[in-house]
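To keep things clear, I will list the structure first and then write my remarks on it.
Keep in mind the model is a prediction, meaning the values are calculated, not measured.
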Amino acid sequence: MSAATGALRASRRKPGFIAAMLHRLSGVALAIFLPMHFIALGTALGGADRLESFLLLTHNPVARFAEWGLVSALALHMALGLRVLAIEFAAARERTAVTVSLACAAGMAVGLLFLMSGA
C-alpha cells in the first residue's frame, strides 16, 4: 500500500468527510422522495376522494417507516447544511467532530420526536 493510498483511507475517517457523505446521502434521499411528493400533490388536484384514497396508502407500517426516514433525512440534511454555512460564513472550522456529532444528534432527535408523536 502506498503512502497516498494510506492517506486517502485516513482522510475518509475524518469527521468532515463523514459529514460531507451524510449530507450528500440525505440529499439524494430527499431527491428520491420528491417525485412521490409531486404525485401526492397531483392527486389532490383530482379531488378530495382521490387524495383520500392515496393517503390511505400511507397508513401501513412500511410507509410510516419511510416517513420517519424522510423526516430524519430532512433534519440531518438541514443540520449539516447549517454546518456548511457556518464553515463558509463564520470561518468555524474548529471542532469538526463536535459539530458533526451535534448535527447527527439533531437529525436523530427530530426523527425520534416524529416517531414518538405518532404522526
Ignoring hydrogens, what is the shortest heavy-atom contact between [X] and [Y]? Give both atom names and the distance.
{"X": "Ile32", "Y": "Pro35", "value": "O-CD, 3.1 Å"}
{"X": "Gly107", "Y": "Ala75", "value": "CA-CB, 3.7 Å"}
{"X": "Leu51", "Y": "Ala40", "value": "CD1-O, 3.8 Å"}

State yes or no: do [X] and [Y] share one hydrophobic cluster built from I, L, V, M, F, W and Y residues joined by side-chain heavy-atom distances below 4.5 Å, directly or via other members?
{"X": "Leu30", "Y": "Val71", "value": "no"}
{"X": "Met36", "Y": "Leu55", "value": "yes"}
{"X": "Leu115", "Y": "Leu70", "value": "no"}
{"X": "Phe54", "Y": "Leu45", "value": "no"}
{"X": "Phe33", "Y": "Leu74", "value": "yes"}

Intermediate values then yes/no, side-chain contact (heavy atoms from CB on, under 4.5 Å), Leu80 and Val84: CA-CA 6 Å; Leu80 290 171; Val84 170; 5.8 Å; no
Give a yes or no on whether Asn60 atom CG has more than 12 heavy-atom contacts from other residues, nucleotides or ligands under 6.0 Å away.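 Yes, because the 6.0 Å sphere around CG of Asn60 holds more than 12 heavy atoms from other groups.
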Nearest 0.5 angstrom please: Asp49 CG to Thr43 OG1, how far?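 With rounding to 0.5 Å, CG (Asp49) is 11.5 Å from OG1 (Thr43).
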Sub-4.5 Å side-chain heavy-atom contact between Cys104 and Leu76: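 Of all side-chain heavy-atom pairs linking Leu76 with Cys104, at least one is under 4.5 Å.
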Just by distance, do the side chain of Trp68 and the backbone of Phe114 share a donor-acceptor pair under 3.5 Å?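 No; zero donor-acceptor contacts below 3.5 Å.
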Distance-only, no hydrogens or angles: does the His77 side chain make a donor-acceptor pair with backbone N or O of Ser26 under 3.5 Å?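 No, His77 side chain to Ser26 backbone: no donor-acceptor pair under 3.5 Å.
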Looking only at side-chain N and O atoms, does His23 offer a donor or acceptor that is under 3.5 Å from a partner on Arg83?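 The answer is no; no qualifying pair exists.
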